[in-house]
Structure formats: structure tokens, C-alpha cells
Amino acid sequence: MFQGNLTSVTVFFLLGFSHYPKVEVIVFVLCLLMYLITLLGNIILISITILDSYLHKPMYFFLSNLSFLDIWYTSSAFTPMLTNFVTGENTISFVGCVAQMYFSLAMGATECVLLSLMAYDRYVAICNPLRYPIIMNKKVCLQIAAGSWLTGYLTTLVETVFVLQLSLCGHNTINHFACEILAVLKLVCVDTSMVELLMLVITTLILPMPVLLICISYAFILSNILRISSVGGRSKAFSTCAAHLTVVVLFFGTALSMYLKPSAVDSQEIDKFIALVYGGLTPMLNPIIYSLRNKEVKAAMKRLLIRNPFGTVLISVLNNIRASTLI
């Protein structure tokens with residue numbers, strides 16, 4: 001037991017799911033699988049967009065940024081937890097805790113901004129297809145990506161600095177599997193109203209505002225799609241937006257439920273499971289959603305496999321399996 005600000009602490013203890021040993025084993029296995037699938041899926045998606053020239057388009061440039069974000073976000077949240085489970089030491093150093101809190105929050109904030117700007121990209125592609133290459137040129141795409149990263153990292157820096165100035169009294173045990181900012185705030189015994197107000201303002205800018213921009217973009221997209229006379233044109237327009245909309249609902253749904261839930265609903269155990277979905281399931285599903293519903297990604301993957309000698313063998317095997325199942 002001690003008193004001082006957060007910077008005076010040298011080590012934190014993470015409770016995780018230690019109160020539920022059987023659940024902890026299941027969570028470890030699920031998190032390990034989600035982490036490995038996230039790494040594999042997002043690395044493959046990044047590699048395809050880089051190697052295939054047909055995917056050198058704004059949409060896939062932003063998608064590569066999203067995949068990179070998902071890799072680092074999941075790594076910052078899950079790697080220490082998986083390591084601690086294997087070693088049996090549920091501890092994290094002060095520097096490690098601050099780094100995890102900062103980077104996981106920064107990646108999440110960056111993804112919020114990036115997803116809203118990806119909706120704008122879809123709006124321009126569908127509503128202004130002839131001017132799309134001019135509006136979304138290389139310079140603009142780089143500026144959008146850089147703006148997303150800067151916004152996420154700078155807003156998170158402000159939050160982290162304010163939290164580190166707070167006085168800590170009592171214990172250094174965090175009731176979470178990671179150094180999540182809301183869990184760390186529960187260790188503070190002084191008045192946190194100013195910090196909470198600051199976090200509310202930043203969270204409102206990072207969560208509801210991007211959601212509003214996404215809704216406005218898709219309102220224009222929907223009105224434009226409904227004016228398309230051909231069924232094939234409508235279907236193609238809907239398919240280009242379906243993957244992004246699915247990812248938006250998954251990501252913002254879990255984020256809003258975690259950071260903007262009513263104060264009356266304050267269960268740390270529920271927060272842990274929401275964090276698992278937010279930090280593990282969504283990044284894992286992103287590359288699957290974008291690849292399964294995207295004909296261009298499928299075609300690019302097939303082209304890359306054909307160029308590779310092992311790829312031609314794999315394609316023939318898959319075709320044989322498909323033929324046998326049809327019989």
C-alpha cells in the first residue's frame with residue numbers, strides 16, 4: 001500500500017481472468033487463435049495490395065493502413081497477456097504499462113478516424129466516379145492517412161499525460177488483462193472529473209463524430225445507388241460498400257459500448273469481454289470480411305498464386321476438391 005502519482009509505481013499486477021482459472025485457459029486459447037489469425041490474415045492482405053499492381057488504388061491503400069493498425073493494436077493488447085499466461089507472472093513494468101495504454105488507445109483512435117475517411121473514399125468512388133482519380137490522388141491519400149495517424153496519436157498523448165499526473169493511493173493491481181486506460185483510472189483515489197471531462201470530449205470527437213460522418217457519407221451513397229437504373233450496377237455499388245459497413249458496425253459498436261456506456265453499467269468483468277471482442281475479434285474479422293466479399297482481392301490472390309509454382313499446385317488441388325464435392 002502506498003500513495004503517490006502513477007509515475008512513482010515501478011510495476012503493476014494484472015488480474016486478468018485469474019479469478020476464473022477454467023475460463024482463463026479458454027480465453028488464452030481463444031486469444032492465441034485470434035492473434036495468430038489476425039497476424040496471418042492482415043499480413044496476407046498487406047502483401048497482396050503491395051505485390052499486385054491492380055490493387056494500387058486508394059481503397060486498398062487505406063485497407064493496408066487498416067490492416068497495419070489491426071496488427072499493432074492486437075499485438076500491443078494481446079502479446080503481454082499471452083506472455084504472462086505462459087510465464088505465470090501477471091506483472092507489467094511501469095514503462096510497459098504506459099506504452100501499452102498509449103499505443104492501444106492511439107491505434108484505436110486512429111482506426112476510428114481512418115474508417116470515417118474510408119467512407120468518404122467510397123462516397124467519392126460511387127457519387128463522383130469520373131472525378132475519383134483526380135480527387136483521390138496519391139497526395140490526398142497520403143495526407144488522409146497521415147492525418148488519421150496524427151489525430152489518433154496526438155489526442156491519445158494528451159489523455160495519457162493527464163492520466164499520469166493523477167495521484168495513486170492504495171494498490172497497484174489492475175483488474176484487467178491489459179493496461180486499459182479506464183481500468184488504470186480505477187486505481188486513482190483523487191477527483192478525476194477534469195480528466196474524465198477531457199476524455200469525454202476527445203472520445204466524442206473520436207467516436208460519435210466519425211460515426212456521424214460515416215452516416216452522412218452513406219446517406220449520399222444510398223441516394224445515388226437508388227438512382228442507378230441497372231440491377232447489376234446497384235449490386236456492384238452495394239458490394240463495394242458492404243464490407244466497409246460490416247467492419248464499421250463491428251468496430252464502432254464495441255467501441256461505443258465500452259467507452260460511452262452509462263455510468264450505472266459499470267462491470268469490470270463485462271469490460272474485459274468487450275475488450276476481447278474490440279481488440280481481438282474485430283481485427284481478426286477485418287481481412288476475412290474484405291477478402292471474402294471482394295472479387296478484386298480474390299482475383300489478385302489467384303494471380304499471385306499462379307505466378308508461384310507452389311501456387312499452381314495449390315489451385316489445382318482446390319479445384320479438384322471443389323469438383324469432388326460437387327459430385
Side-chain angles (χ1 to χ4, degrees), residues 28-79 81-82 103-104 107-108 110-112 114-115 117-119 121-122 125 138 141-142 144-145 148-149 152 236 239-251 254 276-322 325:
F28 170 77
V29 174
L30 289 176
C31 288
L32 181 61
L33 288 173
M34 284 192 295
Y35 181 55
L36 293 176
I37 294 171
T38 299
L39 283 181
L40 181 63
N42 284 291
I43 289 173
I44 289 174
L45 198 54
I46 292 173
S47 301
I48 291 172
T49 55
I50 292 173
L51 295 173
D52 194 280
S53 59
Y54 288 95
L55 298 185
H56 291 177
K57 302 175 183 178
M59 175 183 172
Y60 299 105
F61 171 72
F62 296 134
L63 190 55
S64 297
N65 275 265
L66 183 64
S67 294
F68 186 76
L69 276 170
D70 286 339
I71 289 172
W72 284 108
Y73 179 78
T74 310
S75 297
S76 65
F78 280 12
T79 304
M81 180 188 68
L82 296 172
F103 284 110
S104 60
M107 295 293 175
T110 303
E111 188 160 341
C112 289
L114 184 63
L115 284 172
L117 294 173
M118 286 174 71
D121 170 70
R122 292 298 84 208
K138 187 176 181 180
C141 291
L142 289 172
I144 287 174
S148 301
W149 286 86
K236 184 179 179 181
S239 66
T240 58
C241 299
H244 180 255
L245 270 176
T246 306
V247 170
V248 164
V249 171
L250 281 171
F251 181 81
T254 52
L276 286 177
V277 176
Y278 177 70
L281 187 63
T282 305
M284 180 189 73
L285 292 177
N286 283 355
I288 298 173
I289 292 169
Y290 276 108
S291 59
L292 287 179
R293 296 191 60 88
N294 195 307
K295 293 179 180 179
E296 289 184 330
V297 173
K298 292 178 185 177
M301 192 178 296
K302 193 170 183 179
R303 283 193 296 269
L304 291 174
L305 287 172
I306 290 172
R307 293 175 197 167
N308 192 320
F310 296 103
T312 55
V313 176
L314 180 60
I315 290 174
S316 64
V317 170
L318 291 175
N319 288 333
N320 289 333
I321 293 172
R322 185 182 300 175
T325 55

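The figures that follow rest on heavy atoms only: side chains count, while hydrogens, waters and symmetry mates do not.
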Which atom names give the shortest non-hydrogen contact between [X] and [Y], and what distance separates them?
X    : Y    : result
T38  : G280 : OG1-O, 3.9 Å
F62  : L114 : O-CD2, 3.9 Å
C31  : L82  : CB-CD2, 4.1 Å
Y35  : T74  : CD1-CG2, 3.5 Å
N42  : P283 : ND2-O, 3.4 Å
L276 : M34  : O-CE, 4.3 Å

- When you measure from the side chain of T282 to the backbone N and O of V277, does any donor-acceptor pair fall under 3.5 Å? yes
- Please answer whether the main-chain N or O of Y73 pairs with a side-chain N or O of S76 as donor and acceptor at a distance below 3.5 Å. yes
- Would T49 and S64 count as having a side-chain donor-acceptor pair, cut-off 3.5 Å? yes
- Less than 4.5 Å apart, any side-chain heavy atom of F68 and any of I46? yes
- Item | Verdict with supporting geometry, S148 and N65, side chain to side chain contact (heavy atoms under 4.5 Å, CB included) | CA-CA 10 Å; S148 301; N65 275 265; over 6 Å; no
- Task: Evaluate the side chain to side chain contact (heavy atoms under 4.5 Å, CB included) criterion for residues L39 and I71: first the C-alpha distance (whole Å), next the side-chain angles of each, then the deciding distance (0.1 Å), finally the verdict.
- Result: CA-CA 6 Å; L39 283 181; I71 289 172; 3.7 Å; yes
- Query: What do the steps show when you test N286 against S67 for side chain to side chain contact (heavy atoms under 4.5 Å, CB included), and what is the final call?
  - Reply: CA-CA 8 Å; N286 283 355; S67 294; over 6 Å; no
- In a check of side-chain contact (heavy atoms from CB on, under 4.5 Å) between K57 and each of F61, Y60, Y54, which one passes? Y60
- Message: What's the separation between atom CD1 in I50 and atom CG in L45, rounded to the nearest 0.5 Å?
- Response: 10.0 Å
